[in-house]
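A quick write-up on the structure given underneath.
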Amino acid sequence: MERQGDFPYASGDLSRLLSDIGIAAKIINHKVNKAGLQDILGAVGTTNIQGETQMKLDVFADNALLNAVKWGGQVCGVGSEENEKYTAFDSEVNRKSKYVMLFDPLDGSSNIDVNVSIGTIFSIFRRNSSVGDLANINDFLQPGDQQVAAGYVIYGSSTMLVYTTGHGVNGFTLEPSIGEFCLSHENMKTPEDGKIYSINEGNLLTCSEGVQTYVNWCKQTDKKTSRPYSGRYIGSLVADFHRNLIKGGIYMYPGTTGAPSGKLRLMYEANPLAFIVEQAGGKASTGTGRILEVKPKDLHQRVPLFIGSKNMVERVEALIAAEKANA
Ligand code: P6P
């Protein structure tokens with residue numbers, strides 16, 4: 001609310017949309033936190049005493065987000081990792097709204113069973129189609145530098161909502177006793193350098209030479225200095241990203257010989273985190289270009305991702321460029 005003044009033409013719609021997302025985050029958090037009790041409360045796929053079917057948590061999270069922003073009335077449509085097609089909301093209120101949202105409702109959900117932190121990632125664009133019309137695919141397939149807001153929720157030792165509207169990054173921690181997100185990390189900045197590299201080294205030999213050179217450089221023991229870098233890889237993008245954002249570091253999911261575009265999705269993983277990291281002074285690259293300038297062709301397209309401390313991303317970009325020059 002305080003930052004609304006940053007937007008001369010703000011009518012409060014974006015503030016209300018962010019508040020709707022906060023409501024969904026609280027609903028998801030409540031469910032995720034008792035995931036371990038799922039067996040006691042009815043295994044996924046069974047019906048509980050109300051006759052409701054126990055659904056997979058990522059489907060639950062998808063429904064929670066979709067319904068929160070649909071009934072909040074601030075978006076005309078959503079694109080989700082969970083659904084092949086985008087959803088255009090056909091009510092009079094939704095058709096008159098000016099935003100669309102894309103999201104990964106519960107990234108890293110395979111980690112729920114082992115109690116590892118997971119997250120929700122969201123990205124908000126101004127619609128291209130006319131107010132009053134149904135949303136169409138062109139409202140969604142916009143380059144990341146057109147985002148008006150982006151953020152994530154991390155369900156970890158505490159539950160945090162971190163987002164940007166293009167005027168810096170702020171982190172809010174859920175205070176369960178009052179059920180509100182309280183500002184806990186104002187104007188977050190990521191260190192220009194760090195000592196943490198995050199990559200699935202099981203894929204390393206299928207990555208480009210430039211990436212292999214960078215990772216081996218991180219691991220080399222230099223007699224004159226202490227242990228150079230630490231490898232930290234949780235296997236949950238939001239958790240790895242959040243740690244590196246605060247401590248400094250680089251997260252890499254490069255292309256491989258088997259998957260040249262890597263694994264992560266542009267529209268609802270790379271773009272929102274790239275907007276956040278740039279606003280925090282970091283960098284986000286495909287390895288050869290800025291993530292936020294990638295022209296999307298498909299709602300679910302994948303993209304190689306190198307994201308985090310500016311100097312670390314620039315170093316791996318230089319090694320990739322050198323490899324290409326020598327090729
Ligand atoms: P891998 C989770 O499935 C995810 O999308 C990210 O959260 C995570 O960083 C990555 O995939 C892990 O992938 O191939 O290393 O298991």
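Below, each value reflects all heavy atoms present in this structure, side chains not excepted, and no hydrogens, waters or symmetry copies. Each ligand, and each atom within it, is numbered from 1 in the order the structure gives.
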Looking only at protein heavy atoms, which one is nearest to [atom], and how far off is it?
atom	value
atom 15 (O) of ligand 1	Y233 OH, 2.6 Å
atom 9 (O) of ligand 1	Y251 OH, 2.7 Å
atom 13 (O) of ligand 1	K263 NZ, 3.0 Å
atom 14 (O) of ligand 1	Y253 OH, 2.6 Å
atom 2 (C) of ligand 1	G108 CA, 3.8 Å

Using the benzene-type ring in the case of Trp, are the ring centres of Y163 and F172 under 6.0 Å apart?
yes
If you define the side chain from C-beta out and look only at heavy atoms, does anything of K283 sit under 4.5 Å from I307?
no
Taking 4.0 angstrom as the limit and counting only heavy atoms of N200, give me the atoms of ligand 1 inside it, by number and element.
1 (P), 14 (O), 15 (O)
Atoms of ligand 1 close to L237 [distance to a heavy atom under 4.0 angstrom, numbered from 1]:
6 (C), 7 (O), 8 (C), 9 (O)
Sub-4.0 Å heavy-atom contact, D240 with ligand 1:
no
Just heavy atoms, cut-off under 4.0 Å: does D107 contact ligand 1 by side chain, backbone, both, or neither?
side chain
Determine whether the side chain, the backbone, both or neither of L264 has a heavy atom under 4.0 Å from any heavy atom of ligand 1.
side chain
For the pair Q147 (side chain) and G144 (backbone), establish whether a donor and an acceptor sit closer than 3.5 Å, ignoring hydrogens and angles.
yes
Side-chain (H185) to main-chain (M160) donor-acceptor, under 3.5 angstrom:
no
Return a yes/no value for V238: is any of its N or O atoms, backbone included, closer than 3.5 angstrom to an N or O of ligand 1?
no
Is the closest basic N to carboxylate O distance between [X] and [Y] below 4.0 Å?
X	Y	value
E201	K219	yes
R265	D104	no
R95	D133	no

Value for CD1 (I28) from CG (N63), rounded to nearest 0.5 Å, stands at 10.0 Å
